[in-house]
Amino acid sequence: MSDPKPKPNPKEYTSGGSRTMTTHEFWETQPVVQLEDMGDTTLPEGPIQPPTLVSEVRQEPYNLREDYEWITCDMKSDDMCSEVYNFFKDHYAQKLNCNVHPSKEWLMWALCPPGYHQSWHVGVRDKATKKLVAFISGVPARIRVRDKVISMANINFLCIDTDLRSRRLAPILIMEVTRRVRLKNIWQAAYPSRDVVSRPVTTCQYWGRMLNPKKLIDAGYADLGERMKMSMAVKLYKVPDAPSTPGFREMGPFDVFGVTEFLRNYLSQFGIAACFDADDVEHWFLPREDVIHTYLVVSPETSEITDFCSFYTVPFTISDSDSRNPKNTTVQCAYSYYNVVTQTSLPKLMNDVLTVSKQKGVDIFYALDVMQNASFFTELKFRRSEGAHLHYHLYNYRLGSPLNPSEVGLVLW
Ligand SMILES: CCCCCCCCCCCCCC(=O)SCCNC(=O)CCNC(=O)[C@H](O)C(C)(C)COP(=O)(O)OP(=O)(O)OC[C@H]1O[C@@H](n2cnc3c(N)ncnc32)[C@H](O)[C@@H]1OP(=O)(O)O
């Protein structure tokens, strides 16, 4: 969610078809668009490899080092969920002393959507210590690519114990989750990455909007701009005390069908997009405290939904040595999810979103430049998060040419 590497530039990776930078021993063997094919838009669009019979999929797990064993994590068990939560807390850090750590409730939400497969929540345990040392997960998702709706796995939360890095364990985890996905007769996957190891479908940029500049600056999370005083920053980033759009209210269970229809219509315009049915909407959008927050604007005359917005919240901890504070600081981060407007302008609706976020204790609000998000960044004082790119990838599916983020109706994290 932060600090990714810069945008891919095919020229950096290839020269006359031969790789000049680095080789990817694992990724070169996988059905993904290879870096040397990045500029080639003539290859056919669609699956790279045809499916096989499920009975032909390798039945036994891949071999691990003798002292490790595979486990399937039951995320609905409080003990298991706590174990994964604690593992991420200790090992998911992307920067020294800075760590995004989703709560247990958040993990349950992200990993247990309708139709999820427990077998896709893959852990590796040290046999002797019984400690979790690695994790990768997939959840089912229907994703439309152009005019084809494809059942895929959304792969995420790949994490390896910091003491076991650079030992080629990640490829084994990826192969094992791939095997388990194929056993469910699913042959494609979508996943985010911060490094470019194959051609991404798109490369998005995170933008951030401070809501609590004093806390962010005091904690060393953000810098006070040049010639900016704290009092000026506080004034600059102040948001209204209450949302101003008439009919703005939180989504409730009775809105599920209306929202499903509304979202489907909106997402149909994008080259690649999530496909949500009512069960998905109920899971992914019905508000859950400190996890997912969804608001609607409803016409007072017709009671119809005219606008829709959502964001999820994840805490971020900055520990001692990286902070100008003597103690750990938890920064509450919100991430824009899906937003749709038909009557209200998007900047106006998002100003209401910033307002309710602030009321919920959010310190900084992020949004990717997907869908129409770029249209509100300047007006609402979002700043480009330096180096914070997220590359979207498809496994075993070739897209003719990469998409602009504005052609993408899909939020990955
Ligand atoms: C049909 C179904 C298909 C399902 C599968 C779809 C594909 C899913 C793909 C996974 C999507 C995950 C989405 C998320 O979860 S994105 C979140 C990633 N996680 C973190 O950032 C948490 C903190 N970091 C770590 O725990 C480690 O640094 C990780 C585990 C990331 C790497 O640990 P380590 O540094 O010790 O690596 P290694 O020595 O074992 O292995 C090195 C090899 O592994 C390749 N590598 C490393 N990290 C990634 C990565 N994030 N995507 C793709 N490939 C990755 C790498 O290019 C190299 O291969 P090659 O360059 O030589 O070829």
Side-chain angles (χ1 to χ4, degrees), residues 1-5 8 13 19 21-36 47-52 54 57-58 62 64-65 68 84 87-96 98-102 107 110-111 117 119-124 132-141 143 150-201 204 314 388-397 412-413:
M1 288 176 183
S2 62
D3 257 15
K5 297 251 165 73
Y13 293 86
R19 190 155 299 156
M21 271 195 81
T22 175
T23 53
H24 295 287
E25 212 176 287
F26 170 66
W27 281 107
E28 280 169 3
T29 64
Q30 298 301 300
V32 292
V33 180
Q34 297 296 326
L35 292 174
E36 62 260 30
I48 297 171
Q49 279 177 351
T52 62
V54 170
V57 174
R58 179 187 165 113
Y62 283 91
L64 278 174
R65 251 174 54 176
Y68 297 146
V84 173
F87 175 63
F88 286 166
K89 210 161 161 224
D90 295 340
H91 300 285
Y92 212 88
Q94 291 162 357
K95 271 200 256 173
L96 210 56
C98 286
N99 201 359
V100 182
H101 60 94
L107 285 175
L111 292 175
H117 303 289
S119 61
W120 294 5
H121 300 159
V122 187
V124 175
L132 193 61
V133 294
F135 185 85
I136 190 166
S137 66
V139 294
I143 296 178
I150 306 167
S151 290
M152 299 199 192
N154 247 342
I155 305 292
N156 215 320
F157 303 109
L158 168 61
C159 186
I160 294 176
D161 187 310
T162 38
D163 292 336
L164 301 176
R165 300 271 169 93
S166 304
R167 297 184 191 185
R168 314 293 303 177
L169 185 52
I172 304 175
L173 285 158
I174 295 169
M175 288 193 305
E176 179 59 15
V177 80
T178 301
R179 188 186 73 81
R180 295 181 184 210
V181 169
R182 287 176 174 163
L183 283 173
K184 299 287 179 197
N185 204 15
I186 305 283
W187 306 89
Q188 271 75 35
Y191 56 98
S193 80
R194 285 170 289 128
D195 295 316
V196 177
V197 289
S198 59
R199 187 179 78 187
V201 168
C204 314
V314 188
H389 291 116
L390 195 67
H391 308 290
Y392 282 28
H393 294 269
L394 292 180
Y395 185 92
N396 194 22
Y397 203 89
L412 296 181
W413 47 63

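Position 1 is the first residue of the sequence; numbering continues from there. Whatever order the structure lists them in is the order used to number ligands and atoms, beginning at 1.
In terms of N/O distances under 3.5 Å, ligand 1 is approached by Phe157. Among the atoms of Ala170, some N or O lies under 3.5 angstrom from an N or O of ligand 1. At under 3.5 Å, not a single nitrogen or oxygen of Trp187, backbone or side chain, sits near a nitrogen or oxygen of ligand 1. When only interatomic distances are considered, the shortest N/O to N/O separation between Pro192 and ligand 1 does not fall below 3.5 Å. Not one N or O of Ile155 is nearer than 3.5 Å to an N or O of ligand 1, by distance alone. Between Gln188 and ligand 1, a contact under 3.5 Å exists for no N or O pair. Polar contact with ligand 1: absent for Ser193 (N/O pair, distance under 3.5 Å).
Short contacts between ligand 1 and Asn156, defined as distances under 4.0 Å to a heavy atom of the residue, involve ligand atoms 14 (C), 15 (O).
Residues passing the side-chain contact (heavy atoms from CB on, under 4.5 Å) test with Val197, sequence neighbours excluded: His24, Trp27.
Under a 4.0 angstrom heavy-atom cut-off, Ala153 registers as lying outside contact with ligand 1. Using a 4.0 Å cutoff on heavy atoms, Arg182 does not count as a contact of ligand 1. By the 4.0 Å heavy-atom criterion, Arg194 is counted among the residues contacting ligand 1. Remark: distances from the non-hydrogen atoms of Asn396 to ligand 1 are all 4.0 Å or more.
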Name the atoms and distances for all side-chain donor-acceptor pairs under 3.5 Å in residues 151-162, with sequence neighbours left out.
residue	atom	partner	partner atom	Å
Asn156	ND2	Trp413	O	2.3
Asp161	OD1	Asp163	N	2.8
Thr162	OG1	His91	ND1	3.2

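A side chain to side chain contact (heavy atoms under 4.5 Å, CB included) with Ile136 is found for exactly one of Val124, Ile172, Ile174, namely Ile174.
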